Amino acid sequence: AQSVTQPDIHITVSEGASLELRCNYSYGATPYLFWYVQSPGQGLQLLLKYFSGDTLVQGIKGFEAEFKRSQSSFNLRKPSVHWSDAAEYFCAVEGRDDKIIFGKGTRLHILP
Amino acid sequence: ETGVTQTPRHLVMGMTNKKSLKCEQHLGHNAMYWYKQSAKKPLELMFVYSLEERVENNSVPSRFSPECPNSSHLFLHLHTLQPEDSALYLCASSQILGGVGELFFGEGSRLTVL
């Protein structure tokens, strides 16, 4: 069965600093992978997705993620964070049964 | 209105009450979902509807009863809930089942069971 692990529950970075949020998945074949963001009091919004092809995918709000099959990882990155990036970030995987499974989330805090 | 709209945004109910959560999507999508979001737990998929037919019921207790009268509306009927059912209930839609991509989420209904 597929699963998603986000090892960091909380991450704190200074505004302007770079960011990397970790995500590891478990799935037998090439999965469909996603990153979603949830701002306080809001629903989830898709940041980016990977289906196939180029392993570096670009998303909205200046985010990117890299699929590494050898490490079963799909880490999210941003070169310079803004205070408005403070939110909770969810990695997700979709398997053959069309179920989308989410990780527990990483809450990002931004220091001024 | 656009996107996915959920009402009410907040709901407090006793264990013996009956209430309903409503979700409406204005995106012309064919699949709709209920997720439960509890603190420190992953989002839990509860129910999936595709073209108004239920295709997934993830071992959800019978005190939760979904209804999908048409492809734009989804309800979650609640009765005799337990305090551990307190959570944020998120509705989502996608163009087709599974989405192969993007789920569009509502802002959620925050449920508190006393």
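We name chains A, B, ... by the order of the sequence lines, and we start the count at 1 in each one. Computed from a predicted model, the values in this text were never measured in an experiment.
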For B/E53, does the CD atom have more than 12 heavy-atom neighbours from other residues, nucleotides or ligands under 6.0 Å away? no
Find out if a path of hydrophobic residues (ILVMFWY) with successive side-chain heavy-atom gaps under 4.5 Å connects [X] to [Y].
{"X": "B/L11", "Y": "B/L90", "answer": "no"}
{"X": "A/L21", "Y": "A/V13", "answer": "yes"}
{"X": "B/L78", "Y": "B/Y33", "answer": "no"}
{"X": "B/Y89", "Y": "B/V12", "answer": "no"}
{"X": "A/V37", "Y": "A/I11", "answer": "yes"}

Applying disulfide (SG to SG under 2.5 Å) as the test, list every pair that has at least one member in residues 42-90 of chain B; sequence neighbours left out. none
Do you know which of B/Q37, B/Q6, B/R9 has the most heavy-atom pairs under 4.5 Å to chain A? B/Q37
A/Q45 vs B/L103 side-chain heavy atoms within contact, under 4.5 Å: no
Within a strict 4.5 Å, meaning less than it, do heavy atoms of the A/L44 and B/E107 side chains meet? no
Are there residues of residues 63-75 of chain A that reach to under 4.5 Å of chain B by heavy atoms, and which ones? none
Using heavy atoms and a sub-4.5 Å threshold, report which of residues 102-112 of chain A line up against chain B, by residue number. A/F102, A/G103, A/K104
Between B/L43 and A/Q38, does a side chain to side chain contact (heavy atoms under 4.5 Å, CB included) hold up when you go through it step by step? CA-CA 12 Å; B/L43 268 75; A/Q38 185 178 31; 5.6 Å; no
Under 4.5 Å heavy-atom distance to chain A, tell me which part of B/F104 shows up: side chain, backbone, both or neither. neither
What residue pairs, at least two apart or across chains, pass salt bridge (charged side-chain N to carboxylate O under 4.0 Å, His left out) with a residue in residues 35-48 of chain A? none
Where on A/Y50 is there a heavy atom nearer than 4.5 Å to chain B: the side chain, the backbone, both, or neither? neither
May I have the step-by-step check of side chain to side chain contact (heavy atoms under 4.5 Å, CB included) for B/Y35 and A/I100, ending in yes or no? CA-CA 11 Å; B/Y35 281 88; A/I100 296 180; 4.1 Å; yes
